[in-house]
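Report on the following structure.
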Amino acid sequence: MGFQLPSHGIQSMLKEGHKHLSGLDEAVLKNIDACKQLSTITRTSLGPNGMNKMVINHLDKLFITNDAATIVNELEVQHPAAKILVLAGKAQQEEIGDGANLTISFAGELLQNAEELIRMGLHPSEIISGYTKGINKTIEVLNELVEKGSENMDVQNKEQVISRMKAAVASKQFGQEDFICSLVADACIQVCPKNPQNFNVDNVRVAKLLGGGLHNSSVVRGMVLKSDAVGSIKRIEKAKVAVFVGGVDTSATETKGTVLIHTAEELQNYAKTEEAKVEELIKAVADSGAKVIVSGAAVGEMALHFCERYKLMVLKISSKFELRRFCRTTGAVAMLKLSQPNPDDLGHVDSISVEEIGGARVTVVKNEEGGNSIATVVLRGSTDSILDDLERAIDDGVNTYKAMARDSRIVPGAAATEIELARRVKEFSFKETGLDQYAIAKFAESFEMVPKTLSENAGLNAMEIISSLYAEHASGTTRVGIDLEEGTCKDVSTMNIWDLHITKLFALKYAADAACTVLRVDQIIMSKPAGGPRRGQQPAGMDEE
């Protein structure tokens, strides 16, 4: 066939088999369309009445959740523009730990409005400049909406913590938020260090145990290990602990050697010396005052026998991370190999006991006095998916606690803030001259997505609600939001629904950034992937529409 130059244009520059989309119709609107699809998925699970999604990922693992961060993580989003939204959601999850859904849904709404503007004939760059002015104005207004006196809070005060945490948890587990919030607040307050800025999210653990119901859940000060104690001693109080990473066993010698044994006596002596050696090691540990041995690897039969003889309790923690946390809880220093521990290396526990919860045996390690010890929320639920979802709700609660320890300012929840922002930014757009005023007006309208979605998910009439919200806000009551249970508009301070200022701020900021990034693209050039079609894709990358 011989090598042929493609006839003309950009094709002649690039290797054959690539795709090239340019111009408004092909690139911009297609990108916007992909992002709209993504935000349609997350939008229906926004807020307390949000629907759950069932996602089955490529490993056949099933997720049933309305947590947007989990959903977009498990969807294998392939379209490059939609990936930008996913990244914005992930950034929000990393930064605050809650509000990923708002980020993605709001960005999708911004882009949908941008599409209308483009069809009206605005140039993307005018839209971008309008959106930038819009987000700056939003941040200004958001700061004015902060509740007076909320900037200083006592992070040890359970009521104040719960009032700020409730909205985040309610959006995941509606109807059970009071119970979950009190669990999470207890756990967080227990592990909160002297300087709340240093709060470590990792110090609140979740142990999921099947069976029972949510109301059997509790908070344990200390750790809950999902395994039984090795050996026969199951309870011990006020004891010192020695932690060995390498496992408690007769260690083979470092150098390889061959022992030639001639007679039966020599064999017996050989075995005896081995026994004596193990006994000596275990006795050394027992003499140091330790009553509990924690091993990071297998515990040998013979070693176990001597541990029993010296009345030592033996625990096995195979996960490195769990072992680290255990050391943090007890204040022990992990030692590499079995030897006599220094008194300083020993940790202390108040009690270790093996309890049976719902047929599973768990070891509960309690340590009340410890510094920033660890608290564990023991969750009970009827199925694995319910437990996973409860864990996500708790995760959100803990992350919200961390956020409020850094910045405790709050704004009215239940879409009160959004309507007020929409109203104020809309007013701002009338003052602007130039074409970007249309973009600012659309930016303001995008905020209506929140009350609209909240009321639609709750099965209410969105139009009625939005217009009555606007009416209330126009008369100066800036704190009126939606009461989803009764389907009416109410003052949020009576319902006690508050959102953290910092969560809203970052969510809206990331959303605006992501939307502008997508709008800035005017050409897509996809090179042909090397080799055959990639796994799970059709050979032509973008022909899926």
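Given the structure is predicted, the values throughout are model-derived calculations rather than measurements.
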Quiz item: Has the side chain of Thr70 got a donor or acceptor atom that lies under 3.5 Å from a matching backbone atom of Asn66?
Solution: no
Quiz item: Is a salt bridge present between Lys36 and Glu115, judged by a nitrogen-to-oxygen distance below 4.0 Å?
Solution: yes
Quiz item: Distance from Cys188 atom SG to Lys402 atom NZ, nearest 0.5 Å?
Solution: 11.0 Å
Quiz prompt | Pair Lys61 + Glu74: basic N to acidic O under 4.0 Å | solution = no
Self-check item: No-hydrogen, no-angle side-chain donor-acceptor test under 3.5 Å, Lys53 and Thr42
Solution: no
Quiz item: Where is the tightest heavy-atom contact between Gln93 and Ala100, given as atom of each residue plus distance?
Solution: OE1-CB, 3.8 Å
Quiz prompt | Euclidean distance, Met463 CE relative to Ile465 CD1, rounded to 0.5 Å | solution = 11.0 Å
Quiz item: Going from OG1 on Thr138 to CZ on Phe447, what distance comes out if it is rounded to the nearest 0.5 angstrom?
Solution: 4.0 Å
Practice problem: Test Lys172 against every option in Asp389, Asp395, Asp396 by the salt bridge (Lys or Arg N to Asp or Glu O under 4.0 Å) rule and name the one that passes. | Solution: Asp396
Quiz item: If we ignore angles and hydrogens, is there a donor and acceptor under 3.5 Å between the side chains of Asp98 and Thr400?
Solution: no
Exercise. Check whether any side-chain N or O of Arg164 sits under 3.5 Å from a backbone N or O of Ser408 as a donor-acceptor pair, and report yes or no.
Key: yes
Below 3.5 Å, can you tabulate the donor-acceptor pairs from side chains in residues 504-515 to any protein atom, sequence neighbours excluded?
residue : atom : partner : partner atom : Å
Lys504  : NZ   : Glu418  : OE2          : 3.3
Lys504  : NZ   : Asp499  : OD2          : 2.7

Quiz item: Atom CD of Gln92 and atom CG of Leu102: how far apart are they, to the nearest 0.5 Å?
Solution: 7.5 Å
Practice problem: May I ask you to establish whether Lys442 and Tyr438 are in a cation-pi arrangement, using a distance under 6.0 Å from NZ or CZ to the six-membered ring centre and at most 45° from the ring axis? | Solution: no
Exercise. State whether Arg325 and Glu322 are salt-bridged, where the test is any N-O pair (Lys NZ or Arg NE/NH1/NH2 against Asp/Glu carboxylate O) under 4.0 Å.
Key: yes
Quiz item: Does the Arg380 side chain pair with the main chain of Leu210, one donor and one acceptor, at a distance under 3.5 Å?
Solution: yes
Quiz item: Between Phe428 and Asn136, is any pair of side-chain heavy atoms under 4.5 Å apart?
Solution: no
Quiz item: Judged by atom type as modelled, is there a donor-acceptor pair below 3.5 Å linking the side chain of Lys226 to the main-chain atoms of Lys208?
Solution: yes
